[in-house]
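Chain letters run A, B, ... following the sequence lines, proteins first, then strands; residues in each count from 1.
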There are 2 protein chains.
Amino acid sequence: MMVDLLTLEGELLPSELERPKRVQSRSNRVAQTVMVARRVLEGEGAGALTVRRLAEEMNIQAPSLYKHFSCKTEVELALIEESMFDIGDVTHQALHESGDLSPIASLLTAYRTHCLSHPNLYRLATSGHFPRENLPEGLEAWAGNPWFVVTGDPSLAQALWSFAHGMVILELDDRYPPGSDLESTWRAGTVAFEQMVRN
Amino acid sequence: MMVDLLTLEGELLPSELERPKRVQSRSNRVAQTVMVARRVLEGEGAGALTVRRLAEEMNIQAPSLYKHFSCKTEVELALIEESMFDIGDVTHQALHESGDLSPIASLLTAYRTHCLSHPNLYRLATSGHFPRENLPEGLEAWAGNPWFVVTGDPSLAQALWSFAHGMVILELDDRYPPGSDLESTWRAGTVAFEQMVRN
DNA sequence: CTAATATGGCTAACGCTGTTAGCCATAACC
DNA sequence: GGTTATGGCTAACAGCGTTAGCCATATTAG
């Protein structure tokens, strides 16, 4: 992982990458479809996100959508891209508004709060095959950079992100035994990684 | 989380729970179906696991399967149960065969190795809605116990498991940037949690 | 031993999914 | 003004999980 460095507050910190641009701008109809898709997905879950349902929401017939998209996964790709931009924005912001929290705690809190409030979008964006080739260049690196910033180490960054994703996805899927004190679990993980950057 | 304690090697360690029994034994045809389902799923992925395909493998017609299962998810439930037993066995064994590794390192290594070598079964067992109500009583607690044993604390146990699951599922879905040094990432996470139990 | 019942196959079909082919009206362009 | 691209439409296909209903065999009850 190649990363530029700059001096910030006397410490060597990874520079913040530039927010990438979308590959190609969307036509009106495409943008509208993605909007509708997002609303349906977030409101009613992946099961409701069907081609016919999207068409119905736009008052056209299902096959007409194929004049704008080559397949359903292309719509989902747009949603994944939006989700990654959103998460990137939220996590970058958490770096600048840590308050009295440690950078790691701030990042984790922001990540958890945002992702849990967009469960279906998060699941879509983080489960199954990752369409790396069809995403804007630099998006993945930009979205992942905050994890590197707060740890200062690529391996620790990935480990921290893995912990955060595991927590979120398991919480979303109701995977922890009933009555689990997840606040405490987040705290335990936070401390574990905080201890790693102090040394 | 209520856990019995016993004295082991001078330390207070959580007792190992008893391996639960299956709720009801399977008829021949049911057992055969689950076997076939597992083979198809592991060999060709979730997309190949269709009712018609299962029937074809057994030389019967698709609707005939409904004489043995009320729905497809019941077959998947059996696979989830098997997967949890397998993972539980592997992780419990890792506790007794740590070698020169720390208990945490041993557990994580065993978990990673096993889960990565059964990708489709792991995805099925750990993604989406968790059918807690339809699993054998005690299975969840038994399978989760090793995480508690190596940490000595429920919150730390859940945090460690979340890290491990995040790592495995993200690795399975090819979610880490190409060229990532995942060995190093596992090591970083391992150290982070090991440091938490020393203190 | 016979009659009733349960077991486990079968075919046909339904409603849903994503998707394709092909037709046609309007809009834009040389 | 003729040509082409845009973006609708209907009809239809294959595959999905699933249901209804029929029927032969196996098991059990009287």
Review point. Does B:S127 reach the main-chain N or O of B:L124 with its side chain, forming a donor-acceptor pair under 3.5 Å?
Key: no

Task: Phosphate OP1/OP2 of D:dG8 contacted by A:R29 side-chain N/O (<4.0 Å) - done: yes

A:E74 (side chain) donor-acceptor with A:S70 (main chain) under 3.5 angstrom: yes

Practice task
Verify the contact: side-chain N or O of A:S64 to OP1 or OP2 of D:dG7, cut-off strictly under 4.0 Å; return yes or no.
Solution key: no

From CD of B:Q61 across to P of D:dT18 the rounded distance in Å is 17 Å

Is the closest basic N to carboxylate O distance between A:E194 and A:R187 below 4.0 Å?
-> no

In whole angstroms, the gap separating C1' of C:dG8 from CD of B:Q32 amounts to 13 Å

When rounded to whole Å, the CZ to P distance for the pair B:R52 and C:dT11 reads 13 Å

Do the charged groups of B:R53 and B:E57 touch, with an N to O distance under 4.0 Å? yes

In short, A:V75 meets A:L54 closest at the heavy-atom pair CG1-CD1, 4.2 Å

Pick base, sugar-phosphate or nothing for B:L49, based on heavy-atom distances below 4.0 Å to the nucleic acid. sugar-phosphate

Rounded to whole Å, CD of B:E76 lies from P of D:dT18 at a distance of 9 Å

Assert: residue with more 5' nearest nucleotide on DNA chain D, out of B:G47 and A:L65, is A:L65

Out of D:dT10, D:dG17, C:dG9, minimum distance to the side chain of B:T50 belongs to D:dG17

A:N28 atom CG is separated from D:dG8 atom P, nearest whole Å, by 11 Å

Under a 4.0 Å heavy-atom cutoff, the residues of residues 66-75 of chain A touching DNA chain D are A:K67, A:H68

Donor on one side chain, acceptor on other, A:S180 and B:Q158, under 3.5 Å: yes

Applied to residues 75-90 of chain B, the side-chain hydrogen bond (donor to acceptor under 3.5 Å, both in side chains) test, sequence neighbours excluded, yields B:R19-B:D89, B:R22-B:E81, B:R26-B:E82, B:R38-B:E82, B:R38-B:D86

Looking only at D:dC9, C:dG9, C:dG18, the nucleotide nearest the A:P63 side chain is D:dC9

Here the distance between atom P of C:dG18 and atom CG of A:L54, to the nearest Å, is 8 Å

From CD of A:E56 across to P of C:dC16 the rounded distance in Å is 11 Å

